[in-house]
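Order of the sequence lines fixes the chain letters, A, B, ..., with proteins taken first and strands second; residue numbering starts at 1 for each chain. The shown structure was predicted, so the numbers you read here are calculated from the model rather than taken from an experiment.
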Amino acid sequence: MEKINIICVDDEREVLESVSRDLDYFSDMFNIEECESAFECLALLEEFDAQQEYVALIISDHIMPEKSGVELLTEVAMDNRFLGTKKLLLTGLATQADTIEAINNAKLDNFLEKVWDPKQLLQMVKELLTEYIIEKGIDYEEYIEKLDAPTLYRLLK
Amino acid sequence: MLKRNLKYTLPILLPLIVLLLPADSFALDGLTLVEQRVIAIFVMATLCWVLEPIPIYATSVLIIVLELLLISDNGLWFATNSAPEQQGQLLSQTAIMATFASPIIMLFLGGFFLALAATKYRLDINLARVLLRPFGYNPKYVMLGIMLITAVFSMFMSNTATTAMMLSILTPVLALFAAEDLGKVAFALSVPVAANIGGIATPIGTPPNAVALKYLVNENSISFAEWMSIGVPFVVVMLFIAWLLLIKLFPTSTQQIDLNIEGIFLKTPKAWLVYGTFLLTILLWLMGNLHGMSSYVVAMLPVAIFSIFNIINKEDLKNIPWDVLWLVSGGIALGLALDKTGLAAHVVDAIPFNNFHPLLLIVGASMLCLLMANFMSNTATANLLLPLVATLGASMHSLLPYGGQVVLILSVTFSASLGMSLPVSTPPNALAYASGHIETKQMAKIGIIIGIIGISVAFAMLFIMNKAHFIG
């Protein structure tokens, strides 16, 4: 079984923990990492790249000191090594300008507002993971129980 | 932990032991070195296909490479320079490598091109829309319609792709069913069941059929049309039985069901070319006697036409399931080694099969195949059993009144496709299971019943066909 990572980025410890808790459903098959800043996330990405591990999804908060979530995700979107990595922005305080920038530059896959519905987050992550696995050509059968069936059917036909 | 390691150590250790044993420790007189190596490769293949330490197509590649190294005329130095009488018959390297491009592989390639083009130009979904219309809104008949269409598609497309397509049509409808309505289960099960059964109808329907074609040669050879004239009636009967079973076992309380499939037929010149080529290829396959082209030759036509007109471009080429082609190639190579080194005949001679009743043999081999196919890949099952079964069939004269080798091969091949009682049995089952509407228990119930009825129907049908001098 391939090692597939999900990275959560937020400068607030409690938010980070609550995202992780909501994603616990995936933890037996996917590796869930927590980062408290964009720099920590970039360092982790370097490490995963060196180990040739898959980074399926980055869930990031927008407003963080030093480097914002949109800046982080834009950087990832421009990096050839992480082509296909899904990007989810989780934010409560985005201005319209931020949103436009996020969609245009960071090529966001999904946008979720704080406070989120855990069920909705779970469903979103399921769909994004399914897309990632099929697009990357990873053997989906091993992960089938954690994937989103309708998305799987759509991509397989 | 130990169990996890066994998966990796057994496929290495047991074949090594077989290789290192002295030749007289096998109960076979005059076993040559080459034959002993083929036994080792066969043991390795069996263990790798059953335990799956590596992907199943990788096992096939490994078989071919090991054959090239150990039993080919251009293999490793120590493998080729023993005394001739001890060494036995080496295979030519070209013959082993040619299994990657055997006519049967090309037949499948043609099938893949057709399927790819049909999906790309939305022929499949549009046909489904039109064909489903006459079945109305009564859940029972909608399900019958879905099963018929799934079966027809899986005759020419991969069972997995067909299942994915039909389930994606069904998903929005299944969401509307009440939580406790068993009808949901029936619908979700109807698709993989129909896809598994449908594949039996044509030589290109499912990989085990390709493996069987390899052994239906010379006086036993079967044309595309002949296969279909046995396969289609079988599929029709089985679909009907499966449908009855599903509505009996999982009755629905929903009164009406409305499948809403969007889209219109594409009308571009390329789309028309796809429709035309599809029709032409199938017609040529069915009329083999008139034009003299074998089904293998016909299969190359869509490959050429779609490539020339850029209907399948180089990006699409990457989407061809090459692993399936390799998986079948490995089986052909394994069969080749068993046959050409004389090992299969040697083994069959050593066991007094002629004392067994031929019917017992047909039933036994088919049941074994069905059992194996439930737990492992259908293709791998066919790859392992068919070379032995074919040799057995050729050597047993008592089989002749019952249709000989052909009946034995066909019933074992059909059995391979009837293994569908578990989510792991076939990819269509895994996909349907992922829908979350089915419990393993429910899948097992319908799968076991269909497996057993299927085998009986196959026997009955082959018996009748043989009596009517249709085959043999």
I need the minimum non-hydrogen distance between B:Ala434 and A:Tyr153, along with the two atoms involved. C-OH, 4.3 Å
Where do B:Ser435 and A:Ala149 come nearest, in terms of heavy atoms and distance? CA-CB, 3.8 Å
From B:Leu167 atom CG to A:Leu156 atom CG, the distance as rounded to the nearest 0.5 Å: 10.5 Å
For atom OH of B:Tyr57, decide whether the heavy atoms of other residues, nucleotides or ligands shown that lie under 6.0 angstrom number more than 12. no
Can you tell me if B:Arg122 has over 12 outside heavy atoms packed within less than 6.0 Å of its CZ? no
Under 4.5 Å heavy-atom distance to chain A, tell me which part of [X] shows up: side chain, backbone, both or neither.
X        : value
B:Thr160 : side chain
B:Thr171 : side chain
B:Ala432 : backbone

Between B:Tyr433 and A:Glu145 (side chain of the first, backbone of the second, donor and acceptor by atom type, cut-off under 3.5 Å), is there such a pair? no
Under a 4.5 Å heavy-atom cut-off, does chain B meet the side chain of A:Glu141, its backbone, both or neither? side chain
